[in-house]
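Since the model is a prediction, treat every value here as computed from it, not as a measurement. Just so you know, these numbers use all the heavy atoms, side chains as well, and skip hydrogens, waters and symmetry mates.
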Amino acid sequence: MPRVADHEERRQQVAAAAGRLIATEGLKAATVAKTAAEAGISVGLVQHYFRTKDEMLVFTYRHILETVEHRLAELVVRSEKAGTRIEHTLLDGLAETMPLDEQRRQECRVALAFTGRAVDDPDLAEVKAGALRRLRSLIATAVNNAKECGEVPSTTDATTEAARIAAYTDGLTAHLYTAPDGLRPEAALAALGDHLAGVFTGECRLRGKGPGVRPGRSG
């Protein structure tokens with residue numbers, strides 16, 4: 001019997017192949033046959049791990065989102081160890097979700113392709129909603145932690161601010177991807193930095209404590 005780890009690794013291999021096809025040719029290119037060829041395996045093996053094309057696409061969407069989230073989590077750990085200001089950690093983290101280079105642009109294309117399909121697909125819609133909930137929660141935790149250390153005014157509503165920051169980031173992302181000639185990556189990043197600077201207006205009182213943005217660090 002194949003090990004569970006092998007099963008998951010193979011599913012991720014298929015998802016990565018489907019993601020590459022979507023990033024270069026669009027969502028329609030991610031057929032079972034073309035995905036199998038891209039992954040270097042048989043159609044039958046793809047169908048062994050995914051009963052339907054829709055199941056494969058839902059897993060692919062989740063895999064792409066989790067790849068970005070994992071990268072963000074690693075950034076947070078590094079920033080916490082370095083004692084980086086929460087505002088700057090949050091800016092760097094949000095930048096991981098924006099099409100600021102070729103890799104992130106391809107990830108963005110895949111995410112946007114699935115966003116369109118999610119309008120009529122409840123399973124994809126739930127994957128997208130879950131990712132947005134996790135992002136807002138992460139931002140809200142960052143704001144709450146920043147309130148504790150003095151970077152953010154104590155009267156700030158973290159939930160409301162998290163929704164605003166997420167929406168602002170989404171807007172910049174859409175403009176960067178659809179009209180890159182009108183908004184350059186450095187300008188988008190500067191605009192997001194200016195927006196965060198309007199929220200994180202104070203100085204941290206806990207120097208050397210390395211306050212982070214992960215859930216569980218606020219009271």
Q: Would you check if there is a donor-acceptor pair between the side chains of Glu66 and His70 at a distance under 3.5 Å?
A: no
(Q) If you define the side chain from C-beta out and look only at heavy atoms, does anything of Asp54 sit under 4.5 Å from Arg117? (A) yes
Q. With side chains defined as the heavy atoms from C-beta onward, is the minimum distance between Asp123 and Tyr61 less than 4.5 Å?
A. no
Q) Do NZ/NE/NH1/NH2 and the carboxylate oxygens of Arg133 and Glu126 come within less than 4.0 Å? A) yes
Q: Of all the heavy-atom pairs spanning Ala18 and Ala30, show the shortest one and how long it is.
A: O-CB, 4.3 Å
Q | Separation of Glu151 CD from Glu87 CD (nearest 0.5 Å) | A | 6.5 Å
Q: Kindly give the heavy-atom pair with the smallest separation between Val110 and Ile64, and that separation in Å.
A: CG1-CG1, 3.9 Å
**Q.** Residues Arg164, Asp157: salt bridge by 4.0 Å N-O rule
**A.** no
(Q) Show the nearest heavy-atom pair for residues Ala191 and Leu172, with the distance to one decimal. (A) CB-CD2, 4.3 Å
Q: Determine whether His63 and Arg11 make a side-chain contact, defined as any pair of heavy atoms from C-beta on separated by less than 4.5 Å.
A: no
Q) Any side-chain heavy-atom pair from Thr169 and Ile165 closer than 4.5 angstrom? A) yes
**Q.** Within 6.0 angstrom of Lys128 NZ, more than 12 heavy atoms from elsewhere
**A.** no
Q: Measure up the His7 and His48 rings against each other and bin them: parallel (under 30°), tilted (30 to 60°), perpendicular (over 60°).
A: perpendicular
Q: For residues Phe200 and Leu90, determine if any side-chain heavy atom of one lies less than 4.5 Å from a side-chain heavy atom of the other.
A: yes
Q) Taking all atoms of both residues into account, what is the closest heavy-atom pair of Gly198 and Thr201, and its distance? A) O-CG2, 3.4 Å
Q. What is the distance from atom CE of Met56 to atom OG1 of Thr31, rounded to the nearest 0.5 Å?
A. 7.0 Å
Q. Got Thr173 and Tyr177 here, is their nearest side-chain heavy-atom distance under 4.5 Å?
A. no
Q) Taking 4.0 angstrom as the limit, do Glu161 and Lys147 come out as a salt bridge? A) no
Q.
Which heavy atom of Ala166 sits nearest to which heavy atom of Arg136, and what is that distance?
A. CB-CG, 4.2 Å
(Q) Among Leu91, Ile86, Val143, Val152, exactly one meets side-chain contact (heavy atoms from CB on, under 4.5 Å) together with Leu196. Which residue is that? (A) Leu91
Q) Taking all non-hydrogen atoms of both residues, which atom of Met98 and which atom of Leu176 are closest, and how far apart? A) CE-CD1, 3.9 Å
(Q) Just by distance, no angles: are the side chains of Gln13 and Arg10 close enough, under 3.5 Å, to form a donor-acceptor pair? (A) yes
